[in-house]
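Notes for the one structure printed next.
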Amino acid sequence: MEQTPTRESETLGRSPASARRIQFREGIRDGIPIALGYLAVSFTLGIAARNAGLTAFQAMLASLLNNASAGEYAGFTLIAARASLLEMAVMMLVVNARYLLMSCALSQHLSPDTPLWQRLVIGYDVTDEIFGISIARPGYLDPFYTMGAMTVAIPGWSLGTFLGVAVGNVLPLRAVSALSVALYGMFLAVIIPPARKNRVVAALVAASFAASYAAGKLLPGVSSGMRTIFLTVGISLAAALLFPVKEETADAD
């Protein structure tokens with residue numbers, strides 16, 4: 001009976017350069033839906049940048065250097081309010097602090113032999129979505145997979161912001177808001193497969209949704225970034241204590 005070849009068997013026996021090309025192409029493939037979602041969401045972000053007085057090029061450059069929706073929106077809001085650079089730096093640190101947790105988790109998914117330059121490159125774009133598809137890869141993460149996803153995701157985010165400034169006022173507000181629905185569909189595509197395979201994961205996903213909703217209602221004065229940090233640490237700690245996962249043994253060469 002024939003068996004469907006797995007990703008590991010397809011790359012087994014290939015040269016390192018060939019294996020990296022395969023991983024890179026798979027990253028591009030999985031990054032295309034992310035890029036489309038980014039294009040829609042960052043379009044609305046471009047409208048906020050335009051209201052803050054930024055040009056299309058300035059908004060695109062901001063998205064290229066700071067690939068974070070909440071962080072950029074907070075930054076554009078502060079620019080419109082003529083806040084100081086210190087206020088903006090503190091706000092960026094607070095709003096984007098959750099990416100520190102993602103980076104720490106992702107670093108444990110990399111081989112100890114991963115070069116520093118590859119770690120720095122993928123650390124440049126540890127967004128929620130790219131983190132989700134990267135951490136879901138079985139075994140050690142090949143950095144070239146994440147780089148492939150970044151190759152299409154970053155231009156999608158930057159281009160969407162550019163278009164939001166350039167032609168954002170042409171579309172009706174309801175149409176612009178509806179574009180962001182695509183990103184939620186992409187999130188569901190990330191969490192549903194592992195939740196269907198593991199009841200513990202499914203329960204934790206449901207608990208995370210409920211806790212996030214409750215935190216938004218009970219702690220309206222706390223930023224979404226800080227709420228995400230507290231919930232991530234709390235739920236992850238509870239899951240690790242209640243449902244510990246045995247360390248996987250590495251396959252022999």
Side-chain angles (χ1 to χ4, degrees), residues 24-83 85 87-89 91-99 102 121-134 144-191 223-225 228:
F24 192 80
R25 287 196 298 265
E26 290 185 0
I28 292 178
R29 178 201 63 195
D30 295 344
I32 290 176
I34 296 178
L36 296 176
Y38 280 178
L39 184 68
V41 173
S42 60
F43 192 95
T44 61
L45 192 64
I47 296 178
R50 180 172 183 171
N51 294 336
L54 275 69
T55 66
F57 175 76
Q58 290 172 335
M60 181 184 68
L61 186 61
S63 288
L64 188 63
L65 299 176
N66 182 27
N67 201 344
S69 56
E72 279 192 66
Y73 184 80
F76 294 151
T77 303
L78 291 176
I79 291 175
R82 298 185 180 276
L85 293 177
E87 291 175 320
M88 185 172 296
M91 177 60 73
M92 293 299 103
L93 178 62
V94 172
V95 175
N96 295 327
R98 70 181 186 277
Y99 297 123
M102 297 182 189
V121 170
I122 64 176
Y124 162 68
D125 201 40
V126 183
T127 64
D128 300 337
E129 298 77 23
I130 293 181
F131 169 80
I133 64 173
S134 298
F144 284 86
Y145 171 81
T146 304
M147 293 177 192
M150 292 167 53
T151 301
V152 291
I154 294 176
W157 185 261
S158 302
L159 178 61
T161 310
F162 179 90
L163 295 176
V165 177
V167 298
N169 289 344
V170 176
L171 296 178
L173 182 59
R174 290 184 178 180
V176 174
S177 299
L179 291 173
S180 61
V181 176
L183 196 62
Y184 293 100
M186 182 181 58
F187 269 122
L188 293 177
V190 172
I191 64 176
S223 68
S224 60
T228 301

So which heavy atom on Ala153 is nearest to which on Ile34, and how close?
CB-CG2, 4.1 Å
Ignoring hydrogens, what is the shortest heavy-atom contact between Ala48 and Phe76? Give both atom names and the distance.
O-CB, 4.3 Å
Do you know the tightest heavy-atom contact between Asn66 and Met92?
ND2-SD, 3.9 Å
Who passes side chain to side chain contact (heavy atoms under 4.5 Å, CB included) against Leu159, sequence neighbours left out?
Leu39, Leu163
List the steps and the verdict of side-chain hydrogen bond (donor to acceptor under 3.5 Å, both in side chains) for Tyr38 and Ser63.
CA-CA 11 Å; Tyr38 280 178; Ser63 288; over 6 Å; no
Return yes when atom CG of Leu85 has more than 12 non-hydrogen atoms of other residues, nucleotides or ligands closer than 6.0 Å, and no otherwise.
no
Using the side chain to side chain contact (heavy atoms under 4.5 Å, CB included) rule, take Phe131 and Thr146 through it: C-alpha gap first, then chi angles, then the decisive distance, then the call.
CA-CA 8 Å; Phe131 169 80; Thr146 304; over 6 Å; no
Between CE on residue Met60 and OG on residue Ser42, distance to nearest 0.5 Å:
12.0 Å
Residue of the set Val165, Thr55, Leu45 for which side chain to side chain contact (heavy atoms under 4.5 Å, CB included) holds with Arg50:
Val165
Mind checking the OG1-CE spacing from Thr127 to Met102? Nearest 0.5 Å is all I need.
8.0 Å
Within a strict 4.5 Å, meaning less than it, do heavy atoms of the Ile47 and Asn51 side chains meet?
yes
Please identify each residue that fulfils side chain to side chain contact (heavy atoms under 4.5 Å, CB included) with Thr151, with sequence neighbours left out.
Phe24
Side chain to side chain contact (heavy atoms under 4.5 Å, CB included) partners for Leu78, two or more places apart:
Ala83, Met88, Met91
Working to the nearest 0.5 Å, report the span between CD1 of Ile154 and CE of Met147.
11.0 Å
Between Tyr124 and Asn67, is the side-chain hydrogen bond (donor to acceptor under 3.5 Å, both in side chains) condition met? List the steps.
CA-CA 9 Å; Tyr124 162 68; Asn67 201 344; over 6 Å; no
To the nearest 0.5 Å, what is the distance between CE (Met150) and CG (Asp125)?
4.5 Å
Contact check, side chains of Arg25 and Tyr145, non-hydrogen atoms, under 4.5 Å
no
Approximate separation, where rounding is to 0.5 Å, of Thr161 OG1 and Leu64 CG
10.0 Å
Is there a side chain to side chain contact (heavy atoms under 4.5 Å, CB included) between Val126 and Ile130 once you walk through the steps?
CA-CA 6 Å; Val126 183; Ile130 293 181; over 6 Å; no
For Ala149 and Ile133, work out which heavy atoms get closest and say how close.
CB-CD1, 3.9 Å
